[in-house]
Amino acid sequence: MAILGALNPMLSVGLDGDKAWRLADYVKRGGYSALRRVLEQKMPQGEVINEVKKSVLRGRGGAGFPTGLKWSFMPRSFPGDKYVVCNSDEGEPGTFKDRDILRYNPHSVIEGMAIAGYAMGAARGYNYIHGEVWELYERFEEALDEARAAGFIGSDLLGSGFSFDLFAHHGYGAYICGEETALLESIEGKKGQPRFKPPFPASFGLYGKPTTINNTETFASIPYIMNMGGEAYLEAGKPNNGGTKLFSVSGHVNRPGNYEIPLGTPFATLLEMAGGMRGGRKLKACIPGGSSAPVVPAATMMNATMDYDGISKAGSMLGSGAVIVMDETTCMVKALERLSFFYYEESCGQCTPCREGTSWLYKVVHRIENGQGRPGDLDLLESVTTNIMGRTICALGDAASMPVQSFIKHYRDEFAYHIEHKKCLVPVDVQRAGSGFFTATV
């Protein structure tokens, strides 16, 4: 797997040896110069936040909320403890960019979090790391030891009088802990279930104190923004879509991997970077933002640009930047069955519409795929999604519903064929030729 197209030297690094993630190499690339400048110049907190606002950096974890605006919600004059939390609980099917940042460039996250702590007056931070990547938790701990020994985190950073300590917290692989309030509950030692909002974390977060939560890639972008300037970062992308972004490309492509491109790059260019379609087959569909994003047909996707507004115009969401590519050998019913099973398994069970609804979605799609579909099943699926969406504490119910709605909308003929003929519209031997990647990798 590769991180290619490294336009942001603070975010992406080549894979030339296992030592590139070490502190010495990071410093050679300009690492910690942004933090040093902020501290030495005693830059006003509001100035740091305004620079992030100028960059139009939008949250890279999925929601795309403006980062600088989010930082401004933190009550900087609050007299008690405040926290900065990194969400590295990367559990969305198709997403694998954050784990590569932690693997190859963990100090960019540490520096970004330290700058964030300074800007918001928070003296402590936590990085919540996905439970199924233990080796990355260990690597981040090593990076923390290096940064602490060099004075980049801990007490009195670089003699500035500002203190910021940072800790890694290992999750246990629950997808629901990617929801920010469930993540906070988990750090506190409780069952990882979402909280009712309001109150929002900015006023009542970790241990009941003001807390700001951002994604791994978001924090890794902060040093670059502070070094090069917010306007320069914005110009690397397009209006309302500042900077570059990592996209995790998987599925029926020749070179799956992580690719960093300016926001606004055509999807066709990204597909070409990934080596094009495997076996020279035709693109059938693409999920552009992780498994929770609506699927987009080939014709629409080939005319789309990879940015928040461009993907929205195509009828989907940029989300986490997980680009799942499907060729003509894909059975869309089987693909949806696999996705629906994931959300059924990962629902925390707190909300009845999600707990019961995700079960219904999976069981109905499962019976359609296995030749037991009924004439009213498609209407039933659409009815169930309508009764889930907007009726749960967090967005997992919506995440389970949107793929179902979009798959039926764009590929209704395949579902109808399954129900009527009790078999796939795409012949089994054709599916085997495409290797059925959903079964293996989602």
Side-chain angles (χ1 to χ4, degrees), residues 1-16 20-21 29 57-62 64 88 90 92-106 108-109 133 136 215-221 224-225 233 235-238 241-279 281 283 285-291 293 295-296 298 301-311 314 316-327 437 441-442:
M1 188 175 296
I3 300 179
L4 301 177
L7 303 174
N8 178 349
M10 306 301 294
L11 177 59
S12 300
V13 295
L15 309 187
D16 300 327
W21 66 273
R29 299 195 304 272
L57 173 67
R58 296 172 65 169
R60 301 304 198 222
S88 294
E90 186 177 45
E92 180 95 352
T95 311
F96 43 86
K97 62 182 178 64
D98 292 340
R99 65 195 67 182
D100 267 6
I101 294 174
L102 295 178
R103 179 178 288 116
Y104 299 116
N105 213 6
S108 64
V109 180
V133 287
L136 301 186
N215 167 260
T216 315
E217 184 183 352
T218 307
F219 280 122
S221 300
Y224 174 74
I225 291 170
Y233 186 85
E235 290 173 2
K238 60 182 293 188
N241 295 267
T244 63
K245 170 141 182 50
L246 284 171
F247 288 91
S248 302
V249 184
S250 64
H252 293 131
V253 293
N254 285 309
R255 289 196 301 271
N258 288 317
Y259 296 85
E260 186 192 0
I261 58 175
L263 285 170
T265 300
F267 167 75
T269 301
L270 177 61
L271 183 61
E272 184 179 353
M273 292 175 68
M277 299 300 297
R278 195 169 67 199
R281 299 186 180 92
L283 176 69
C286 178
I287 304 175
S291 62
V295 68
V296 179
M301 198 67 211
M302 289 303 293
N303 291 309
T305 55
M306 301 306 293
D307 57 86
Y308 297 94
D309 300 327
I311 297 300
S316 189
M317 304 182 301
L318 192 70
S320 61
V323 180
I324 302 173
V325 178
M326 293 171 272
D327 70 16
F437 75 93
T441 65
V442 173

Residues that Ser320 engages under side-chain hydrogen bond (donor to acceptor under 3.5 Å, both in side chains), provided they are two or more places apart: Thr95
Partner residues of Ser316 under the side-chain hydrogen bond (donor to acceptor under 3.5 Å, both in side chains) criterion, sequence neighbours left out: none
Please report the closest heavy-atom contact between [X] and [Y], naming both atoms and the distance.
X	Y	answer
Cys286	Met301	CB-CG, 3.7 Å
Ala322	Gly94	CB-O, 3.1 Å
Leu283	Ala298	O-CB, 3.2 Å
Leu271	Met302	CD2-SD, 4.1 Å

Side-chain heavy atoms of [X] within contact of [Y], under 4.5 Å:
X	Y	answer
Ile287	Met326	yes
Asp307	Thr265	no
Val249	Val325	yes
Leu102	Thr216	yes
Thr305	Phe267	no
Pro288	Phe247	no
Ile311	Met306	yes
Asn215	Asp98	yes

So how far is it from [X] [atom1] to [Y] [atom2], rounded to the nearest 0.5 Å?
X	Y	atom1	atom2	value
Tyr233	Leu57	OH	CG	4.5 Å
Leu136	Ile101	CG	CD1	11.5 Å
Arg103	Phe96	CZ	CZ	11.0 Å
Glu92	Ser291	CD	OG	4.0 Å
Thr244	Ile261	OG1	CD1	9.0 Å

Main-chain N/O of [Y] paired with [X] side-chain donor or acceptor, under 3.5 Å:
X	Y	value
Asn254	Gly275	yes
Glu90	Arg99	yes
Arg29	Ala20	yes
Arg255	Val253	no

Worked check of side-chain contact (heavy atoms from CB on, under 4.5 Å) between Tyr259 and Leu246: CA-CA 5 Å; Tyr259 296 85; Leu246 284 171; over 6 Å; no
May I ask you to say whether [X] pairs ionically with [Y], meaning some side-chain N is under 4.0 Å from a carboxylate O?
X	Y	answer
Asp100	Lys97	no
Glu260	Lys245	no
Arg278	Asp327	no

Evaluation steps, side-chain contact (heavy atoms from CB on, under 4.5 Å), between Trp21 and Asn105: CA-CA 5 Å; Trp21 66 273; Asn105 213 6; over 6 Å; no
Those residues that, when tested against Asn303, pass side chain to side chain contact (heavy atoms under 4.5 Å, CB included) (two or more places apart): none
Pair Asn258, Ser248: side-chain N/O donor-acceptor within cut-off below 3.5 Å: yes
